[in-house]
Amino acid sequence: MSHDTTTVNNETHEVVHGHDSDHHAPHRSGLARWIFTTNHKEIGTLYLVFSLIMFLVGGAMALVIRAELFVPGLQLVNPEFFNQMTTMHALVMIFGAVMPAFVGLANWMVPLMIGAPDMALPRMNNWSFWIMPFAFTLLLATLFMPSGAPASGWTLYPPLSLQGGNSLAFVIFAIHLMGISSIMGAINIIATILNMRAPGMTLLRMPLFVWTWLITAFLLIAVMPVLAGAVTMLLTDRFFGTSFFNAAGGGDPVLYQHIFWFFGHPEVYIMILPAFGIISEIIPTFSRKPLFGYVSMVYATASIAFLSFLVWAHHMFTVGMPLGAMLFFMYATMVIAVPTGVKVFNWIATMWRGSMSFETPMLFALGFVVLFTIGGFSGLMLAIVPADFQYHDSYFVVAHFHYVLVTGAIFAIMAGVYYWLPKWTGHMYSETLGKFHFWWSTFWVNVLFFPQHYLGLAGMPRRIPDYAVQFAEFNMISSVGGFMFGFGQLLFAYIVWKCARGGEKATAQVWEGARGLEWTVPSPAPLHTFDTPPLVDDTVEHTDKMYDDPDAVGAK
Amino acid sequence: MKRTNEMIVALAVMAVLIVVVWGVFAVGDNMPQGASAYSKNVYELHNLILGIVTVIGILVFTAMFTSIFIHRKSKGYKPAKFSHSTKAEILWTAIPILILVGMAIPATSVLIDMEDTGGAELNVKVTGYQWLWKYDYIENGISFYSALDRDSNRVRQRGSGEDPASVDNYLRNVDKHLVLPARTKIRFLLTSDDVIHSWWVPDLGWKRDAIPGMVNEAWTYIEDEGIYRGQCAELCGKDHGFMPIVVEVKSPEDYRDWVAQQQTSLADAAHDASRLWTRAELMDHGANVYQAQCAACHQDNGGGLAPAFPALALNGQPTGALEDHLKVVMDGREGTAMTGFSGRLEPQDIAAALTYTRNAWRDGDGVGDGEIVQPATITNMAAELSADQG
């Protein structure tokens with residue numbers, strides 16, 4: 001064991017040495033600084049800013065949808081454009097907002113949490129970010145093409161997706177680019193975590209955010225190529241005369257769905273596992289009590305990741321599968337409730353008999369636990385095949401995945417941003433505005449999405465631009481919630497911007513109950529940290545000393 | 001002392017949660033019980049699972065909010081130090097597993113029942129098209145299309161200026177109902193001619209995808225006479241929201257009368273395919289066919305929707321020669337959404353639609369003086385086509 005630690009130590013020193021030259025090089029300024037940066041903190045910032053912009057773009061598309069659905073009848077857009085909006089909203093939010101936000105948080109925090117000076121592959125890190133603006137330029141440009149943006153839903157099911165115009169090629173290349181970016185980001189995160197941990201930072205001492213990202217990175221490497229394969233087959237079917245998915249040519253349209261969801265279901269966990277990690281950092285801090293069941297949290301995360309490869313067909317129970325297959329996918333899906341339940345129980349056990357305070361990150365984390373759990377319950381209901389025959393492709397599903405993605409993934413990202421913002425900027429954000437943002441968002445997001453459960457149960461299918469009049473009331477309520485929630489997020493952008501500009505000085509530890517290496521470096525974190533790796537030890541004496549006198553343990 | 005405190009707060013929290021949950025259930029819709037034996041099983045299963053997760057939710061959130069109210073720094077609560085408990089962790093892994101088994105058993109039995117399509121007395125083939133349905137009664141040769149009714153279709157156009165509430169069953173009505181007998185086991189065979197659709201009538205308790213190149217099966221046994229409405233549930237292009245389903249369930253006796261009546265008109269249709277039609281007849285019938293089959297893409301005025309759907313008429317004049325027009329309608333156009341109608345519509349329908357599109361917008365009177373097409377022409381052409389391909 002000690003031998004291993006020494007090896008890690010040596011490697012760490014080499015990387016540190018490699019970076020020394022950067023210290024002395026004149027620092028670039030202006031745009032060049034951001035284009036050529038190889039610094040994990042700057043790249044993290046780029047990812048996060050990009051993600052915020054995409055969040056607002058995707059949100060604007062959602063508001064087009066909710067505006068059209070405000071009352072029955074078609075008022076604002078044509079059905080074709082409505083379909084483009086639902087498709088683009090999903091692609092932008094999934095690949096442009098949620099995933100880059102998590103990569104940005106990983107870039108900033110993983111090296112700081114494991115005591116590494118930077119990511120293992122800094123130049124690749126630069127590249128994996130700078131692919132993203134090009135990918136999204138391609139994707140968003142399709143909105144202005146004669147054949148319009150893709151309108152077949154983000155899942156791009158053939159044969160419908162093959163009916164579109166030439167813009168499909170742009171969408172597919174954009175997806176390829178996003179995939180390359182994600183895979184490079186994932187490789188970098190794995191290489192960093194496995195090779196660059198500070199001495200004493202054994203795997204089972206890693207913060208849970210690092211653990212969840214390590215597992216997520218493996219998921220990304222496993223499934224992004226599957227997506228690339230699926231869309232490449234679409235490309236050749238559409239432009240080069242193949243018949244992978246064309247029944248008339250001997251192909252099978254359902255094959256695409258199997259391949260797509262073999263990517264798609266792990267993708268769902270790619271968007272939620274890092275969120276679990278963030279919540280597992282925040283709840284102990286504001287409960288002033290260590291995380292309950294750390295080891296079972298790690299195993300639960302790994303089991304969820306493993307099971308995510310065995311449940312893909314629960315997205316397609318209505319395509320007509322053999323009874324045995326449906327039973328298998330139903331049981332496998334239900335099993336996921338067990339490790340997910342363990343996580344929720346552990347979070348609550350962490351709070352239990354803690355000494356809680358309710359700053360904005362904690363509020364968002366608690367909001368996450370309640371609302372994500374509601375999304376989990378509807379997920380369990382969706383696993384029940386006979387009932388899914390009713391729920392499938394209805395607004396019940398829309399409500400379900402927005403609970404897990406908006407009040408799940410996005411609430412966790414916001415919690416993480418509020419939590420680490422003082423570390424990034426050196427300033428405290430406005431707690432009053434932050435709390436207002438939380439209560440505003442939480443109230444309206446429920447007005448937005450809860451009635452959609454009712455709509456689905458009453459028989460309203462998803463992805464329709466107009467609806468029967470019996471659905472009018474809940475659609476109107478949902479649209480009001482959508483606009484209020486949506487405009488509330490401009491406040492979030494303002495709070496972040498204001499905090500970056502100035503504010504009350506943040507201490508190194510920032511939060512009274514915060515534990516972990518990232519809180520031993522000054523706020524704002526200087527561009528280069530942990531040039532000399534800190535020594536990690538999880539004894540109470542050592543930890544206390546780390547906060548009282550970071551120099552003594554080399555944690556600075 | 002502390003324990004009692006926690007108990008009291010927990011009970012209060014639980015009471016509040018129960019009221020909230022009761023409110024949530026009272027306000028909104030639940031799944032319909034439906035009209036078939038199977039749909040009631042699904043409804044009960046749904047209620048069972050919903051009930052279980054609701055109880056779990058109330059217990060979990062009671063613990064969480066009790067902690068939030070009591071274990072807070074502002075009340076001077078000192079944090080405990082514990083960070084694991086093997087007993088608790090085994091308990092909250094094992095209990096959920098038992099609950100899941102309890103859910104899986106009824107779910108499995110309902111599913112097995114649902115998949116048993118044997119012993120059906122009536123087989124109905126459902127074919128999805130962009131954007132209407134076709135129903136074939138396998139046993140008695142009845143076959144027809146079912147598309148959005150004309151009132152809904154008029155009002156749903158952007159800028160129609162009409163109030164959807166003024167239309168009966170807005171977007172949930174069709175030109176021709178799917179008529180089925182009550183108290184009969186009916187098997188559905190579902191497929192599609194173009195993209196994937198999904199046939200969903202909530203009162204029957206299921207939806208099933210209609211996929212090109214595949215035939216899916218499902219069944220129902222409807223207890224009560226009545227009208228049950230639904231719509232396509234799988235995104236199938238721009239008019240996905242506008243292909244409703246209306247099932248009219250008649251008593252077995254009334255159903256037999258209906259079948260007899262349909263078969264009479266079937267004989268009329270055979271006669272219609274061979275006789276000579278007048279211009280007025282063709283225009284009148286053509287308007288109906290055009291509305292159901294063509295107008296979604298090519299629009300009411302034949303102007304099309306650039307760039308995907310070309311105009312059929314510019315300034316009232318047809319945009320191409322009759323011969324080309326005929327060929328495209330019969331064969332379709334590869335690589336576009338334009339499907340071939342030779343096997344899909346009756347010769348008189350195609351003849352009428354062609355006559356209509358080449359005359360309707362010519363001189364404003366809606367009758368026109370251009371070419372007309374007789375059903376016999378279409379019949380001959382279809383024969384030539386199949387000879388070419390065969």
Side-chain angles (χ1 to χ4, degrees), chain A residues 72-74 78-80 83 146-147 153 157 159-160 163 247 253-254 288-290 292-293 296 318-320 323 326-327 330-331 334 337-338 341-342 344-345 348 351-357 370 377 380-381 384-387 389-390 392-393 454 457-459 461 463-469, chain B residues 28-31 42 45-46 49-50 53 57 60-61 63-64 67-68 71-73 77-80 83-84 89 92-93 96-97 100 104 107-108 110-111 114-115 156 158 164-165 170-172 195-196 198 202 206-209 211-213 216 231 233-241 307 337:
Chain A
L74 281 176
N78 287 320
E80 184 68 13
N83 291 346
S147 56
Y157 279 4
L160 182 62
Q163 283 185 347
V254 178
R288 294 169 181 78
K289 189 162 154 284
F292 186 91
S296 66
T318 61
V319 299
L323 176 63
M326 285 197 276
L327 289 175
M330 171 166 77
Y331 299 149
M334 291 171 79
V338 175
V342 166
V344 173
F345 298 138
I348 292 174
M351 296 174 211
W352 192 256
R353 308 243 159 103
S355 175
M356 275 186 271
S357 57
V370 173
F377 286 148
L380 183 58
M381 294 169 73
I384 308 295
V385 183
F389 288 149
Q390 289 278 39
H392 181 85
D393 265 337
Y454 303 140
L457 292 175
R463 294 167 168 163
I464 56 174
D466 192 5
Y467 47 82
V469 288
Chain B
D29 302 274
N30 198 2
M31 185 186 282
V42 171
L45 184 63
H46 156 80
I49 310 287
L50 183 59
V53 296
V60 169
F61 295 144
M64 180 172 161
S67 182
I68 287 173
H71 308 138
R72 45 168 72 212
K73 195 190 173 203
Y77 202 92
K78 293 276 171 287
S83 67
H84 59 269
E89 290 180 64
W92 66 50
T93 309
I97 291 175
L100 289 173
T108 305
V110 174
L111 183 64
M114 194 263 158
E115 290 294 293
R156 67 112 173 164
R158 195 173 144 203
Y170 175 65
L171 300 187
R172 286 269 170 138
V195 302
I196 302 174
S198 189
W206 48 264
K207 69 176 67 65
R208 197 41 74 93
D209 291 356
I211 301 171
N216 272 328
Q231 65 190 101
E234 175 69 48
L235 178 62
C236 56
K238 75 181 179 67
D239 286 351
H240 162 54

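Each chain gets a letter, A, B and so on, in the order the sequences are listed, and its residues count up from 1.
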**Report entry** Residues forming a salt bridge (Lys or Arg N to Asp or Glu O under 4.0 Å) with Glu80(A), sequence neighbours excluded
**Finding:**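 Applying salt bridge (Lys or Arg N to Asp or Glu O under 4.0 Å) to Glu80(A) gives none.
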Could you tell me which portion of [X] (side chain, backbone, both or neither) has an atom closer than 4.5 angstrom to a non-hydrogen atom of chain A?
| X | answer |
| --- | --- |
| Arg208(B) | both |
| Ile211(B) | side chain |
| Met114(B) | side chain |
| Phe61(B) | side chain |
| Asn216(B) | side chain |
| Lys78(B) | backbone |
| Ile196(B) | both |
| Glu234(B) | both |

Atom pair [atom1] ([X]) and [atom2] ([Y]), whose distance is rounded to the nearest 0.5 Å:
| X | Y | atom1 | atom2 | value |
| --- | --- | --- | --- | --- |
| Leu50(B) | Phe377(A) | CG | CZ | 10.5 Å |
| His240(B) | Asp393(A) | NE2 | CG | 7.0 Å |
| Cys236(B) | Arg463(A) | SG | CZ | 11.5 Å |

Shortest non-hydrogen contact from [X] toward [Y]:
| X | Y | value |
| --- | --- | --- |
| Leu457(A) | Asp29(B) | CD1-O, 3.8 Å |
| Tyr77(B) | Ser355(A) | O-OG, 2.9 Å |
| Tyr467(A) | Leu171(B) | N-CD1, 3.6 Å |

Which of the residues [options] is involved in the greatest number of heavy-atom pairs with chain B at under 4.5 angstrom?
| options | result |
| --- | --- |
| Gly153(A), Ser357(A), Pro290(A) | Pro290(A) |
| Pro159(A), Ser147(A), Pro253(A), Ala468(A) | Pro159(A) |
| Ala247(A), Pro386(A), Pro146(A) | Pro386(A) |
| Ile348(A), Leu74(A), Thr318(A) | Thr318(A) |
| Val385(A), Val319(A), Val342(A) | Val319(A) |
| Asp466(A), Leu323(A), Val469(A), Leu380(A) | Asp466(A) |

If you define the side chain from C-beta out and look only at heavy atoms, does anything of [X] sit under 4.5 Å from [Y]?
| X | Y | result |
| --- | --- | --- |
| Lys73(B) | Arg288(A) | yes |
| Trp92(B) | Ser296(A) | no |
| Met330(A) | Thr108(B) | yes |
| Val110(B) | Ile384(A) | no |

Which atoms of [X] come close to chain B, meaning under 4.5 Å heavy atom to heavy atom: side chain ones, backbone ones, both, or neither?
| X | result |
| --- | --- |
| Pro465(A) | side chain |
| Gln390(A) | both |
| Asn83(A) | side chain |

Report task. Go through the steps to decide whether Asn78(A) and Lys238(B) satisfy the test side-chain contact (heavy atoms from CB on, under 4.5 Å), and finish with yes or no. Result -> CA-CA 8 Å; Asn78(A) 287 320; Lys238(B) 75 181 179 67; over 6 Å; no
Requested in this report: For side-chain contact (heavy atoms from CB on, under 4.5 Å), just list the numbers for Phe345(A) and Glu89(B), CA-CA rounded to whole Å, side-chain angles, deciding distance to a tenth of an Å, and then say yes or no.
Outcome: CA-CA 9 Å; Phe345(A) 298 138; Glu89(B) 290 180 64; over 6 Å; no
Donor-acceptor pair, side chain of [X] and main chain of [Y], under 3.5 angstrom:
| X | Y | result |
| --- | --- | --- |
| Asp209(B) | Gly320(A) | no |
| Ser67(B) | Met351(A) | yes |
| His71(B) | Arg353(A) | yes |

Highest number of heavy-atom pairs under 4.5 Å with chain A: which of [options]?
| options | answer |
| --- | --- |
| Ile49(B), Ile68(B), Leu45(B) | Ile68(B) |
| Val42(B), Leu111(B), Asp239(B) | Leu111(B) |
| Ala104(B), Ser198(B), Gly213(B) | Ala104(B) |

Requested in this report: Decide yes or no on side-chain contact (heavy atoms from CB on, under 4.5 Å) for His392(A) and Lys207(B), but give the supporting numbers first.
Outcome: CA-CA 8 Å; His392(A) 181 85; Lys207(B) 69 176 67 65; 4.0 Å; yes
Query raised in the report: Val195(B) and Tyr157(A): side-chain contact (heavy atoms from CB on, under 4.5 Å), yes or no, with the steps?
Result: CA-CA 9 Å; Val195(B) 302; Tyr157(A) 279 4; over 6 Å; no
